[in-house]
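Below is one structure, written out as structure tokens; comments come after it.
As the structure lists them, so they are numbered: ligands from 1, and atoms in each ligand from 1.
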Amino acid sequence: MQSTVWWQYGILYEVYPRSFQDSNGDGIGDLQGILQRLDYLAGLGIKAVWIAPFYPSPMADFGYDIADYCNIDRIFGTLADFDQLLQAIHKRGLKLILDFVPNHTSDQHPWFLESRSSPDNPKRDWYLWRDPSGGGGPPNNWLSNFGGSAWTKDGDQYYYHGFLKQQPDVNWRNADLREAMFNVLRFWLDRGVDGFRVDVMWMLIKDDQFRDNPINPASNPNGPASQRLLALYNTNRPEVHEIVAAMRAILDSYGDRLLIGEIYLPFDQLAAYYGQDLKGAQLPFNFHLIACAWSADAIAQVIKEYEAALPVGAWPNWVMGNHDQPRIATRIGRAQARVAAMLLLTLRGTPTMYYGDEIGMTDVPIPAGEVQDPAEKNEPGLGMGRDPERTPMQWDSSKLAGFTDGTPWLRLSADHAMVNVATLSGETDSMLSLYRTLIGLRNSNAALNSGDVEVVTSNGHVLRYERADEAQRFAILLNLSESKEEAPIAAGYILASTHMDRSGDAVETTLSLRPFEGVIVKRAE
Ligand code: GLC
């Protein structure tokens with residue numbers, strides 16, 4: 001039986017709004033721009049659009065530093081634009097997921113301005129203020145994810161920020177803060193949004209005793225500073241699950257809504273975010289395809305470990321890319337990225353795509369003078385910068401790729417005259433045509449969509465698994481190598497190849513796979 005729950009059968013698609021479509025010539029994407037491209041998204045066959053933050057922000061971390069949770073930054077448009085966009089999304093049968101950033105605000109948020117104004121201010125306790133340590137330095141050794149101490153002195157005390165000092169962390173132990181954050185959810189739910197992707201969900205609450213983190217014995221002395229300690233006391237605290245459950249209860253009170261968590265944790269800890277009785281996040285994001293080595297063995301292992309770790313009844317999900325990670329086509333190359341597309345779209349669980357991956361966009365090297373991302377500016381040269389995967393969407397072969405009439409906020413990829421939606425739409429064997437085919441197959445074959453995943457094996461270069469329900473069985477064989485491979489196969493016919501040929505061909509006992517070829521075989525009845 002095909003799942004009838006939209007966030008189970010549907011595909012999620014992340015839009016990074018600065019880079020999707022500019023409608024007013026300022027070189028930065030906006031809500032009206034997304035509206036102009038909705039037919040493209042609907043035509044692709046995805047179900048839900050997740051838009052990264054578009055709220056008023058000083059943009060120290062490009063919108064992840066929010067100064068007002070209940071409005072739209074004027075770079076992106078207005079609340080009226082938002083309402084228009086939401087209505088247009090719903091009209092096409094799609095869903096809208098917002099980015100909720102409840103771990104920290106901007107230092108320009110009125111809550112923080114009040115909090116920092118005096119130790120006696122009623123909102124002082126909405127943030128994490130501590131006295132200096134005995135020696136006069138920061139209260140403990142916690143490190144910022146963007147380098148340096150996570151503590152900044154302001155007056156006589158320090159405040160904690162897991163990211164930039166312009167992103168003070170809020171205090172989730174304070175009941176008024178909690179309620180204020182929950183009201184943000186209600187504000188957008190009342191407007192009709194279908195769910196939230198919660199930013200750094202596993203970081204929300206910190207150790208109440210602010211204990212020092214232990215040294216990370218495996219850290220690379222030349223790597224990012226934040227990895228020198230194990231984030232034991234400032235992330236993934238047991239109390240976080242109660243907060244997640246409270247968020248979920250609010251969403252549930254509105255009916256059919258979706259709570260997603262951004263969580264970078266091993267499977268056993270990730271699984272806990274489904275919550276007791278599955279009353280936590282419906283989709284704790286699974287980033288393990290991003291983290292694991294690109295080999296048949298490693299991926300088979302990841303699939304098996306994940307399936308084994310899932311609580312009974314929990315729905316899996318897989319993410320191939322996002323605005324914080326190098327693009328898949330850069331990580332493994334364009335040829336292999338086609339195999340990755342087949343993997344993502346035939347695994348059991350909700351797939352999340354990142355804008356531009358469907359046309360094979362690659363990371364764009366950004367010269368030092370054009371760097372925007374604070375992660376790169378703070379720790380240059382360590383590979384922390386995220387600009388390369390955030391460059392403008394490539395829509396057509398015109399000079400500015402159809403993204404803007406102005407100067408794009410980040411440079412376009414040099415290959416945009418060839419690699420763009422318009423050009424690739426006209427090529428039957430392009431990456432985009434492959435994505436469209438695979439999405440179409442997933443959406444129309446219940447077993448690919450909602451069936452079990454079985455017999456996950458790897459034999460050297462070939463990763464193989466089956467998807468099956470009572471009615472149908474598919475075998476998926478992915479050649480992760482640049483050599484030809486032969487694989488035994490039960491009789492059936494080829495439904496799709498990453499090379500966009502031989503669909504309909506019968507297979508008998510063996511299947512020859514070309515270099516970097518993935519194949520979906522429909523088994524004979
Ligand atoms: C999340 C976001 C990332 C941001 C960070 C701080 O990891 O995905 O882009 O910099 O949170 O908000």
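Applying the 4.0 Å criterion to heavy atoms of D61 picks out, from ligand 1, the atoms 4 (C), 5 (C), 6 (C), 10 (O), 12 (O). Close approach of ligand 1 to F146 (heavy-atom distance below 4.0 Å) involves ligand atoms 10 (O). Near R386, with a cut-off below 4.0 Å to any heavy atom, the atoms of ligand 1 are 3 (C), 4 (C), 9 (O), 10 (O). The distance from ligand 1 to the heavy atoms of H323 drops below 4.0 Å at these ligand atoms: 2 (C), 3 (C), 8 (O), 9 (O). Residue R390 approaches ligand 1 through these ligand atoms, each under 4.0 Å from one of its heavy atoms: 9 (O). For ligand 1, the atoms closer than 4.0 angstrom to any heavy atom of V200 are 1 (C), 7 (O), 11 (O). Numbered from 1 in the order shown, with element, the atoms of ligand 1 that lie under 4.0 Å from a heavy atom of H104 read 6 (C), 12 (O).
When hydrogens are left out, the protein atom nearest atom 9 (O) of ligand 1 is D324 OD1, 2.7 Å; that is the closest non-hydrogen contact. Shortest contact from atom 2 (C) of ligand 1 to any protein heavy atom: D199 OD1, 3.1 Å.
Using a 4.0 Å cutoff on heavy atoms, R197 counts as a contact of ligand 1.
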*When you look at K279 and D252, which way does the side chain to side chain contact (heavy atoms under 4.5 Å, CB included) test go after all the steps?*
CA-CA 9 Å; K279 288 290 183 195; D252 281 355; 3.6 Å; yes
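Both tests do not hold together for R331 against W294: distance to the six-membered ring centre under 6.0 Å, angle to the ring axis within 45°. Both the sub-6.0 Å distance and the 45° axial angle are satisfied by R130 relative to the ring of F210.
For W188 and F196, the ring centers sit 6.0 Å or farther from each other. Taking the centre of each ring, Y69 and H109 come in below the 6.0 Å mark.
Checking Q84 against Q32 by side-chain atom types alone, a donor-acceptor pair falls below 3.5 Å.
Between H323 and Y354, the ring planes lie tilted relative to each other; the angle falls in the 30° to 60° range.
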